[in-house]
2 protein chains.
Amino acid sequence: MVRIRARTGAVTRALRYGGAVGATTASAAAGGAGSRGRIDKRQAILDAAFTVFAREGYAQATVDAIAAEAGVAKHTIYNHFGDKQTLLRQAIAAEADRAMAENLAAVERLRDHDGDIRVALESVGHRLVQCYCDDRSWALRRLLYAEISQFPDLLDIIQGRAANPVTEALADRLARLSLAGRLRISDPAEAAEQLGALLTGSMESRSRLGTRRLPDAELHSVTRAAVDTFLHAFGAEPPENT
Amino acid sequence: MVRIRARTGAVTRALRYGGAVGATTASAAAGGAGSRGRIDKRQAILDAAFTVFAREGYAQATVDAIAAEAGVAKHTIYNHFGDKQTLLRQAIAAEADRAMAENLAAVERLRDHDGDIRVALESVGHRLVQCYCDDRSWALRRLLYAEISQFPDLLDIIQGRAANPVTEALADRLARLSLAGRLRISDPAEAAEQLGALLTGSMESRSRLGTRRLPDAELHSVTRAAVDTFLHAFGAEPPENT
DNA sequence: CCAGATTTGCACTCTATGGTGCACTTTAAC
DNA sequence: GTTAAAGTGCACCATAGAGTGCAAATCTGG
């Protein structure tokens, strides 16, 4: 027990002054909203919590471990979040925000792409697949799957921060392209859903539930195949057979 | 503590003699291989373990709860499986076998379907989607996502029992159909992957990670849309536009 | 340099649970 | 019926981890 204490203390200090692990790095970049006290340990805690929760699962993750990872005293965590459940919810919400922002940014790049439609779709598709296969995205997805039966309200937290808005944004872009005569789509929402499915559908098994990092070449080839099939179904001019 | 004991005992007895919950029902149907002792509590334990693990997650699930659910003494569990981890692995393996068998059966129905290709694909697709959306399938998927970082070897256990063999079987069928001139497919494996993606890709958000049961009508419409898109891309005769 | 807020270290409580030991009962097979 | 295997009930151990209290240290704004 005493030995554990000592080790925790050492890690804590190393993180605080060394700032090597990433949690503290992120915290430095986030000292904006309502920063009272020090350089807002809040963000560091959220980052650390997500990391540890994702690695160990909610039940296995100990608040002590999160504190150590964040370079913070356990008490500070309870000061900020009250209890472990709240911490989980906030950590997931923060991470979902980050992930969705990335996805939306990717989709938005369809807005003023005026070259070949295939090139545009492949570019955006590739970016979307990259986001989907990002380590943190997989961690978030795993964590959601893991805890959804224990915390059904996570769905509400994710609601509006997850795939849904991204698909809608994509549907918007596809509708515009269709209106401009570049695609032939009757139901943009459905088309967006299907494009998303084609892009990400095979990632689960390919990446072995996110435990294997996929080479970029593989992402490219999946993207190309997905866009190819998509254009066969929704392209404006009937494509000559491959 | 005493009160908990009492309650557990009551549930246990109710299960043993009433056989109402499903675990015991299943066990009765499985007293085949190597049944020594009683009517093989083994299967009842596996079923109960899967149920409880899926509901609570590995760490939260208590062996006592599993014993109660199975209508069995805690000791019996340890007699059969040694420890909690082994129990998890075996429960998952058993459930994966079950799920894969269902999926393969669905795919096999493509073998001697000689009518309209669209009808055949929609029929099989619908069955596949149903399997995918089955409560137990979702539970298995959630459990895998949840525990994969704690037990990476679950991948090996699932290997050969999961989506992979199903996709391969589907690729086989598609290849035959292509050879018979009913489809125009250059890469059957890729086509199978894409058909699978189109069928199941939108289920995650639609069913809210499997926490919402989808009306069969919705499954049908998704299936129809998936097959439609698939045939646009891989149909033998270029379809007239919708 | 001061005051108030924040953070920290550490000890401590309380509860939960995996796993075991043991004596006793039930079951299946001969 | 007898017997050995399988199952049961219960007490028990050891450990671990959430959450709290408190006094001392540290920071931040003025």
Side-chain angles (χ1 to χ4, degrees), chain A residues 1-17 24 27 31 34-45 48-49 52-53 56-68 70-88 150, chain B residues 1-17 24 27-28 31-32 34-45 48-49 52-53 56-68 70-88 150:
Chain A
M1 185 80 83
V2 177
R3 219 170 314 163
I4 291 177
R5 288 294 174 196
R7 181 156 50 79
T8 302
V11 172
T12 298
R13 237 159 284 125
L15 272 174
R16 188 141 20 114
Y17 300 133
T24 35
S27 86
S35 89
R36 60 262 200 254
R38 290 185 185 175
I39 6 93
D40 233 15
K41 309 255 165 184
R42 193 187 175 83
Q43 191 58 37
I45 295 173
V52 176
F53 280 141
E56 322 252 1
Y58 174 77
Q60 296 285 39
T62 74
V63 177
D64 285 295
I66 295 171
V72 142
K74 183 161 70 160
H75 245 25
T76 307
I77 294 183
Y78 283 101
N79 284 342
H80 276 292
F81 300 98
D83 63 10
K84 204 184 168 188
Q85 297 201 3
T86 308
L87 180 55
L88 175 73
Q150 296 294 291
Chain B
M1 187 81 80
V2 177
R3 217 171 316 164
I4 290 177
R5 288 292 174 198
R7 182 155 51 78
T8 301
V11 172
T12 297
R13 236 159 286 125
L15 272 174
R16 189 143 18 116
Y17 300 131
T24 35
S27 86
S35 89
R36 57 264 201 251
R38 292 184 186 176
I39 8 89
D40 234 16
K41 308 256 167 184
R42 191 186 175 85
Q43 191 58 38
I45 295 173
V52 176
F53 280 141
E56 322 252 2
Y58 175 78
Q60 296 284 41
T62 73
V63 177
D64 285 294
I66 295 171
V72 143
K74 183 161 70 158
H75 246 25
T76 307
I77 294 183
Y78 283 101
N79 283 343
H80 276 292
F81 300 99
D83 63 10
K84 203 184 168 190
Q85 296 201 3
T86 308
L87 180 56
L88 175 73
Q150 296 292 293

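So that the names make sense, note that chain A is the first sequence line, chain B the second, and so on, each numbered from 1. Because the structure is predicted, anything quoted here is derived from the model rather than measured.
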Length of the [atom1]-[atom2] vector between [X] and [N], whole Å:
| X | N | atom1 | atom2 | value |
| --- | --- | --- | --- | --- |
| B:H80 | D:dT8 | NE2 | P | 9 Å |
| A:Q85 | D:dG17 | CD | P | 18 Å |
| A:K84 | D:dT20 | NZ | C1' | 17 Å |
| B:N79 | C:dC22 | CG | P | 15 Å |
| B:Y78 | D:dT8 | OH | P | 15 Å |
| B:F81 | D:dA6 | CZ | P | 14 Å |
| A:R42 | C:dT7 | CZ | C1' | 15 Å |
| B:D40 | D:dA5 | CG | P | 17 Å |

Original post:
Start at the 5' end of DNA chain D and walk down; is the nucleotide closest to A:G82 or to A:Q60 reached first?
Top reply: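 Upstream on the strand: A:Q60.
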
Original post:
OP1 or OP2 of D:dT8 sitting under 4.0 Å from any side-chain N/O of B:K41?
Top reply: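 B:K41 to D:dT8 OP1/OP2: side-chain N or O found under 4.0 Å.
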
Original post:
Under 4.0 Å: is that the gap between some side-chain N or O of A:H75 and OP1 or OP2 of D:dG21?
Top reply: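 The answer is no; no side-chain N or O of A:H75 sits under 4.0 Å from OP1 or OP2.
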
Original post:
Contact class for B:A61 vs. all strands (heavy atom < 4.0 Å): base, sugar-phosphate, or nothing?
Top reply: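 Sugar-phosphate, backbone atoms only, no base.
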
Original post:
Which part of the nucleic acid, if any, lies within reach of B:A65 when heavy atoms closer than 4.0 Å are counted: base, sugar-phosphate only, or nothing?
Top reply: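 The answer is nothing, as B:A65 stays clear of every strand by at least 4.0 Å.
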
Original post:
What's the closest nucleotide to the B:T62 side chain, out of C:dT17, C:dG19, D:dA18?
Top reply: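 So the side chain of B:T62 is nearest to C:dT17.
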
Subject >> Per A:V72 side chain, nearest of listed nucleotides D:dG17, C:dT8, C:dT20 >> reply: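 So the side chain of A:V72 is nearest to C:dT8.
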
Subject >> Listed partners of B:Q150 passing side-chain contact (heavy atoms from CB on, under 4.5 Å), at least two apart >> reply: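 side-chain contact (heavy atoms from CB on, under 4.5 Å) check on B:Q150 returns A:E56, A:Q60, B:E147.
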
Looking at [atom1] of [X] and [atom2] of [Y], how far apart are the two atoms once the value is rounded to the nearest 0.5 Å?
| X | Y | atom1 | atom2 | value |
| --- | --- | --- | --- | --- |
| B:Q85 | B:L88 | CD | CG | 8.0 Å |
| A:I66 | A:I45 | CD1 | CD1 | 9.5 Å |
| B:H80 | B:Q43 | NE2 | CD | 11.0 Å |

Original post:
Mind checking what makes ring pair (Phe, Tyr, Trp, His ring centres under 6.0 Å) contact with B:Y78, not counting sequence neighbours?
Top reply: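 Expected list: none.
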
Subject >> For B:Y58, ring pair (Phe, Tyr, Trp, His ring centres under 6.0 Å) partners two or more places apart >> reply: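 By the ring pair (Phe, Tyr, Trp, His ring centres under 6.0 Å) rule, B:Y58 matches B:F53, B:F151.
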
Subject >> Side-chain donor/acceptor of B:K74 to base of C:dG19, under 3.5 Å >> reply: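 Indeed there is one.
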
**OP:** Return the set of residues passing side-chain hydrogen bond (donor to acceptor under 3.5 Å, both in side chains) with A:T86 (not counting sequence neighbours), or none when no residue passes.
**Re:**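 Listed in chain order: A:D83.
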
**OP:** Report the residue (A:T76 or B:D83) whose heavy-atom-nearest nucleotide on DNA chain C is the more 5′ of the two.
**Re:**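 The answer here is A:T76.
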
**OP:** Find the bend of the helix from C:dC1-D:dG30 to C:dC30-D:dG1 as the angle between its two terminal axes (five pairs each), to the nearest 10°.
**Re:**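 The angle, to the nearest 10 degrees, is 40°.
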
